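Reckoned from all heavy atoms, side chains included, excluding hydrogens, waters and symmetry mates. What you are looking at is a predicted structure, and each value in this text was computed from that prediction instead of being measured.
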Amino acid sequence: MFDQGLTVLRIRGIPVRLHITLLIFLPYVAYVASSQFSLIASSLGIPREEMHLPPLAWGAILAVGLFVAVLVHELAHSFVALKNGIRVRAITLMMLGGVSQMERDDPEHEAWMAFAGPLMSFGIALASYVAYRLLPAPAEIGAALVAFAITNALLGAFNLLPAFPMDGGRVLRGLLLRRLGRTRATRIATTTGKVMAVAFGLFGLLSWNLILVLIAMFVYMGASAEQARTNTNELLRGIPVARLMTDRLGEAYADESPRAVAERLLRHNLVGARVIDDPRDGAGRREIGVVTVWDLARQLQGGAAPATVGAVMPVDVPRAHADDDASRSFDALASGEASVIAVLDEGERVIGLVTSAEIQRALALAGALRAAR
Ligand SMILES: [Zn+2]
């Protein structure tokens with residue numbers, strides 16, 4: 001859902017993407033902002049004929065300003081994450097705000113990381129209000145600054161509602177974590193998220209506020225997804241990754257054609273191959289990586305596949321050791337960081353692969369066995 005979008009800039013290495021829904025939504029935000037601006041201008045006693053720009057132009061400026069403010073809010077989350085050694089994959093600006101995609105969430109620092117965003121929004125609101133009071137600007141710029149301050153204060157306050165997946169819900173979970181453990185803390189934060197989503201949804205329907213209904217759906221789905229993710233994590237905890245990996249691996253030489261390897265994997269019902277960089281006399285034979293049927297299929301389907309398997313082989317496949325906890329592999333797969341994890345033995349040799357198919361299979365059994373108990 002968040003993976004589409006145009007990368008428009010990079011800030012400290014973090015790609016900032018614009019999602020298509022943002023462009024569709026922007027005119028609506030501009031329209032709402034222009035009526036808010038008119039309301040504030042008239043309450044400040046600014047006559048329409050003294051304005052240099054029409055309210056709709058101010059609305060457009062405020063709408064763009066709001067999305068910049070949302071970006072700064074997301075950057076606040078991301079910078080705290082980076083400071084704690086967590087990689088941020090991207091920031092996506094979309095219809096209902098921004099999303100920072102982190103490599104993993106870090107329970108230890110989650111409360112502070114989540115709080116940084118709303119804090120930044122309040123900071124922007126305060127700065128904008130102070131500018132209105134202190135700067136000798138024309139009256140209509142003053143009205144725009146007040147509108148900007150109010151919007152950012154509302155943004156900060158709304159995000160602090162203690163309902164997962166909003167920032168406040170993450171703060172709540174971070175605070176409960178030490179006392180209740182991850183599973184129970186998540187259940188509480190996501191349940192308040194669902195309850196609040198239903199309340200928003202009903203209120204939105206009754207007042208014909210479509211945006212509120214959309215927000216309610218977004219919150220409900222986010223809360224459900226997190227609940228499911230935590231339940232899965234719970235089921236997989238303590239299972240060594242080697243127990244659910246598949247070891248149906250063949251071998252391929254780095255200079256073989258992808259087509260020949262794909263045919264061989266299909267014939268022998270294999271899911272991947274260790275790629276061997278081989279001077280074929282046998283001396284200096286070494287394993288340089290793995291290639292999966294999915295890598296091959298993607299390249300062959302694209303038409304212009306590279307000439308050798310070595311070029312098709314992904315370079316950054318995450319690795320796990322045979323006795324590592326399976327829940328960690330699930331986290332990497334669920335975050336979209338990787339589509340496959342290579343499992344290594346003590347000699348750092350690839351002995352198997354884990355994809356979401358392996359996780360699904362293990363979950364079906366673990367879930368059924370737990371239910372039968
Ligand atoms: Zn936030």
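Under the 4.5 Å side-chain criterion, counting only non-hydrogen atoms from C-beta, I20 is not in contact with L6. Between Y253 and D277 there is no side-chain heavy-atom pair separated by less than 4.5 Å. By the 4.5 Å heavy-atom criterion applied to side chains, L270 and L249 are not counted as neighbours. Between L214 and F25 there is no side-chain heavy-atom pair separated by less than 4.5 Å. At a threshold of 4.5 Å between non-hydrogen side-chain atoms, the residues V340 and V354 do not count as touching. Inter-residue side-chain proximity for V275 and E287 is flagged as unmet; no heavy-atom pair is nearer than 4.5 Å. In this structure, the side chains of I91 and L75 come closer than 4.5 Å at one or more pairs of heavy atoms. Between R173 and R182 the shortest side-chain heavy-atom distance falls below 4.5 Å.
Grouping the Ile, Leu, Val, Met, Phe, Trp and Tyr side chains by contacts below 4.5 angstrom, directly or via other members, places V70 with F115. If you chain together hydrophobic residues whose side chains sit under 4.5 Å apart, V350 and L244 never meet in one group. Note on I86 and V171: same hydrophobic cluster, where clusters join Ile, Leu, Val, Met, Phe, Trp and Tyr whose side-chain heavy atoms are under 4.5 Å apart, directly or indirectly. Cluster annotation: L9 is connected to V88 through the hydrophobic network of ILVMFWY side chains, with a link wherever side-chain heavy atoms come within less than 4.5 Å. Taking hydrophobic clusters as Ile, Leu, Val, Met, Phe, Trp and Tyr residues chained together by side-chain heavy-atom distances below 4.5 Å, V271 does not share a cluster with I276.
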Which donor-acceptor pairs under 3.5 Å do the side chains of residues 289-306 make with protein atoms, sequence neighbours left out?
from: T292; atom 1: OG1; to: W294; atom 2: N; distance (Å): 3.3
from: T292; atom 1: OG1; to: D295; atom 2: N; distance (Å): 3.1
from: T292; atom 1: OG1; to: D295; atom 2: OD2; distance (Å): 3.1
from: D295; atom 1: OD1; to: R298; atom 2: NH2; distance (Å): 3.1
from: D295; atom 1: OD2; to: T292; atom 2: N; distance (Å): 3.0

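Under the 3.5 Å distance criterion, with hydrogens and angles disregarded, a donor-acceptor pair is assigned to the side chains of H321 and E348. Between the side chains of T190 and E226, no donor-acceptor pair is found at a separation under 3.5 Å. If you check the side chains of H73 and S121, you find a donor sitting under 3.5 Å from an acceptor.
Listed by first then second residue, pairs satisfying side chain to side chain donor-acceptor pair (under 3.5 Å) with a partner in residues 193-215 read K194-Q227, not counting sequence neighbours.
Remark: Y132 engages Y129 in a ring-ring contact (aromatic ring centres under 6.0 Å, His included) (not counting sequence neighbours). For F158, the ring-ring contact (aromatic ring centres under 6.0 Å, His included) partners are F200, not counting sequence neighbours. Partners of F148 under the ring-ring contact (aromatic ring centres under 6.0 Å, His included) rule, at least two apart in sequence or in another chain, do not exist in this structure. Checked against side-chain contact (heavy atoms from CB on, under 4.5 Å), I351 has the following partners two or more places apart in sequence or in another chain: M245, A322, V343, D345.
Taking every heavy atom of both residues into account, G169 and A189 meet most closely at O-CB, 3.5 Å. Heavy-atom minimum distance, A197 versus A216: O-CB, 3.2 Å. Contact record, D167 with P118: OD2-CD, 3.4 Å, taken as the closest heavy-atom pair. Scanning all heavy atoms of the two residues, the minimum distance from G193 to A163 falls at CA-CB, 3.4 Å. Nearest heavy-atom pair across N233 and S327 is OD1-CB, 2.9 Å. Heavy-atom minimum distance, F122 versus A153: CE2-O, 3.4 Å.
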Any chance you could lay out the side chain to side chain contact (heavy atoms under 4.5 Å, CB included) test for V146 and F37, step after step, and finish with the verdict?
CA-CA 9 Å; V146 172; F37 172 82; over 6 Å; no
Is there a side chain to side chain contact (heavy atoms under 4.5 Å, CB included) between M120 and H77? Walk through the geometry before answering.
CA-CA 9 Å; M120 179 58 84; H77 290 308; over 6 Å; no
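A distance-only check finds a donor-acceptor pair linking the side chain of T192 to the backbone of P162 [under 3.5 Å]. In terms of modelled atom types and a separation under 3.5 Å, the side chain of D325 and the main chain of G238 share a donor-acceptor contact. Checked by atom type and distance alone, the side chain of R170 never pairs as donor or acceptor with a backbone atom of A111 at under 3.5 Å. A donor-acceptor pair under 3.5 Å is formed between the side chain of N159 and the backbone N or O of L155. The backbone N or O of L93 sits nowhere less than 3.5 Å from a side-chain atom of H19 that would complete a donor-acceptor pair. A donor-acceptor pair under 3.5 Å is formed between the side chain of R248 and the backbone N or O of N269.
Taking a cutoff of 4.0 Å between a charged side-chain nitrogen and a carboxylate oxygen, R264 and E256 qualify as a salt bridge. Between E263 and R267 there is no salt bridge, since no side-chain nitrogen of the basic residue lies less than 4.0 Å from a carboxylate oxygen of the acidic one.
Between Y31 and Y28, the ring planes are tilted. Angles from 30° to 60° get that label.
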